[in-house]
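Proteins get letters first, then strands, A, B, ... in listed order; numbering begins at 1 in each. Since we're looking at a predicted model, the values are computed, not measured.
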Protein chains: 2
Amino acid sequence: MTTDPSTRRSRILDFIRQRIAAGQPPSLAEIAAASGFASRNAAYKHVQALAEAGLIELAPNQKRGIRLPAAARADDLIALPVLGRVAAGAPIGADVPLDQPLWLDGRLFALRPDYLLRVQGDSMIGDGILDGDLVGVHRSAEARDGRIVVARVEGEMTIKRLQRLHGRIRLLPRNPAYAPILVEPGQDFAIEGLYCGLVRRG
Amino acid sequence: MTTDPSTRRSRILDFIRQRIAAGQPPSLAEIAAASGFASRNAAYKHVQALAEAGLIELAPNQKRGIRLPAAARADDLIALPVLGRVAAGAPIGADVPLDQPLWLDGRLFALRPDYLLRVQGDSMIGDGILDGDLVGVHRSAEARDGRIVVARVEGEMTIKRLQRLHGRIRLLPRNPAYAPILVEPGQDFAIEGLYCGLVRRG
DNA sequence: CGTCATGGTGGTCATTTGTACACCGGCTGG
DNA sequence: CCAGCCGGTGTACAAATGACCACCATGACG
């Protein structure tokens with residue numbers, strides 16, 4: 001045969017997946033054009049074969065009716081804005097454009113985060129949270145004892161482990177080089193959110 | 001003020017977003033049905049208004065031609081199979097995803113991972129890699145000195161820092177409680193892939 | 001060689017669906 | 001009270017597109 005069919009068919013699958021991820025399933029005409037076919041029917045037959053194999057699902061008579069089977073579908077995506085240094089600051093853009101949200105699988109987190117925050121400093125290395133990590137933060141003004149929280153103290157944003165004792169609040173770093181922060185009554189203090197996971201680029 | 005746009009119109013926006021995330025933009029008829037309209041034209045006008053406001057983008061004359069603007073689009077999604085406990089000797093190449101794949105934003109990683117691997121043990125806590133973390137792994141049999149790699153030694157999968165010296169290879173843990181692994185010549189050894197980041201649920 | 005499966009071309013048909021026009025009822029402002 | 005806008009209904013038209021049919025080229029196989 002002139003060309004390897006299996007390679008071509010999987011390339012068509014890749015094309016379909018990419019287009020769906022980009023927001024819209026392709027039509028047969030687009031598949032044909034992308035594959036170099038002159039007629040939509042060639043694409044049609046490939047698509048039928050892919051559906052037969054269970055690699056895609058078809059909505060009959062529906063325009064752009066190609067869907068991915070549930071197992072391969074991204075049905076729990078959440079878009080998270082990436083916040084840089086909150087207080088005074090130069091945005092941290094370099095790697096991920098800050099204006100664009102980052103998409104993550106919602107199943108990744110037990111508690112659904114509202115935004116991602118870039119960690120500054122190494123005060124939490126004892127919990128494996130390093131400088132530059134992106135932590136998922138769920139907005140909340142309440143937190144139980146022992147939780148890792150993002151808090152604002154005197155206008156400074158920090159991520160620390162929360163400790164409540166005798167009605168007082170302490171913020172514990174997880175690095176022996178840092179001292180716990182004791183929140184004085186009347187001091188500017190607020191819990192901004194709860195830590196719910198992190199992502200790190202190697 | 002053009003009347004309160006937040007109620008019905010934003011519900012339509014949410015509907016559109018949800019459908020796109022599910023794999024296929026809705027048609028006007030579907031929007032009308034979901035919104036309780038009797039005629040597609042009501043949906044049409046709302047969609048036009050949303051496009052006017054820049055909240056969505058329309059591909060003219062194209063069926064299901066609603067797209068999200070680039071800033072809100074998940075255009076670099078990758079589906080990663082999650083490999084769990086790797087039994088001794090089982091090659092990673094023939095991956096059987098234990099679960100559904102996890103979708104992550106490709107921009108998260110400098111090096112595109114091929115799969116996620118659940119970390120066992122605490123031998124890398126010095127690099128902030130904890131037990132239970134999911135590390136992104138890019139398949140590769142080569143690695144430069146100093147990189148964190150996933151390697152197979154005598155059938156055991158480990159994640160360690162690679163050190164090359166005098167033509168020999170050492171695998172360095174990042175935990176003083178563990179000793180470096182010196183790879184003997186003739187020993188079963190292979191680099192499975194390169195560490196390229198991690199995700200952790202808090 | 002004859003037959004069949006595979007993979008592609010071209011064209012036709014019917015449905016879906018974007019686009020457009022006419023119109024209506026309620027609300028608001030002058 | 002009337003003009004005009006807004007949001008919705010109904011209808012109509014045409015483009016996009018899925019579904020299907022007839023047919024051809026090529027290679028594998030008995």
Exercise. Can you tell me the distance, in whole Å, between the CD1 atom of A/I31 and the P atom of D/dA19?
Key: 11 Å
Self-check item: Interatomic distance where CG belongs to A/L28 and P belongs to C/dT16 [whole Å]
Solution: 16 Å
Self-check item: First of B/K45 and A/Y44 reached from the 5' end of DNA chain D, by closest nucleotide
Solution: B/K45
Quiz prompt | Given DNA chain D, 5'-ward residue of the pair A/A29 and B/A38, judged by closest heavy atom | solution = B/A38
Quiz item: Between the base of C/dT15 and the side chain of A/K63, is there a donor-acceptor distance below 3.5 Å?
Solution: yes
Practice problem: Kindly point out which of C/dG10, D/dA19, D/dG10 is positioned nearest to the side chain of B/S39? | Solution: D/dG10
Quiz item: Got a donor-acceptor pair under 3.5 Å from the side chain of B/N41 to the base of D/dG10?
Solution: yes
Practice problem: Indicate, with a heavy-atom threshold strictly under 4.0 Å, whether B/Q48 touches base, sugar-phosphate, or nothing. | Solution: sugar-phosphate
Quiz item: Should the pair B/R152-B/E192 be classified as a salt bridge under the 4.0 Å nitrogen-to-oxygen rule?
Solution: yes
Quiz prompt | Whether over 12 other heavy atoms sit under 6.0 Å from A/E52 CD | solution = no
Self-check item: Closest listed nucleotide, where the reference is the side chain of B/R64 and the choices are C/dT17, C/dT16, C/dT19
Solution: C/dT17
Quiz item: Can A/Y195 and A/D127 be said to form a side chain to side chain donor-acceptor pair (under 3.5 Å), step by step?
Solution: CA-CA 12 Å; A/Y195 163 83; A/D127 280 333; over 6 Å; no
Quiz prompt | Euclidean distance, atom CD of residue B/Q24 to atom P of D/dA16 [Å, nearest integer] | solution = 18 Å
Could you tabulate the donor-acceptor pairs under 3.5 Å formed by side-chain atoms of residues 30-43 of chain B, not counting sequence neighbours?
| unit_1 | atom_1 | unit_2 | atom_2 | d |
| --- | --- | --- | --- | --- |
| B/E30 | OE1 | B/R19 | NH1 | 3.2 |
| B/E30 | OE1 | B/S27 | N | 3.2 |
| B/E30 | OE1 | B/R64 | NH1 | 3.1 |
| B/E30 | OE2 | B/R64 | NH1 | 3.3 |
| B/E30 | OE2 | B/R64 | NH2 | 3.0 |
| B/S35 | OG | B/I31 | O | 2.9 |
| B/S39 | OG | B/N41 | N | 3.3 |

Quiz item: In terms of side-chain heavy atoms of B/F37, which of C/dG7, D/dT9, C/dT19 is nearest?
Solution: D/dT9
Quiz item: Base, sugar-phosphate, or nothing for A/S27, non-hydrogen atoms under 4.0 angstrom?
Solution: sugar-phosphate
Practice problem: Return the value, rounded to whole Å, for the distance between atom CZ of A/R19 and atom P of D/dT17. | Solution: 11 Å
Quiz prompt | d(CD, B/E52; P, C/dT19) in whole Å | solution = 13 Å
Exercise. Check the distance between D/dC6's C1' and B/I12's CD1 and give it to me in whole angstrom.
Key: 14 Å
Practice problem: Pick base, sugar-phosphate or nothing for A/R40, based on heavy-atom distances below 4.0 Å to the nucleic acid. | Solution: base
Quiz item: Checking all strands, does B/A42 fall into the base, sugar-phosphate, or nothing category for heavy-atom contacts under 4.0 angstrom?
Solution: base
Quiz item: What integer distance in Å separates A/H46:NE2 from C/dA5:C1'?
Solution: 14 Å
Quiz item: Between B/N175 and B/A177, is there a donor-acceptor pair closer than 3.5 Å when you use the side chain of the first and the backbone of the second?
Solution: yes
Quiz prompt | d(CD, B/Q62; C1', D/dG18) in whole Å | solution = 15 Å
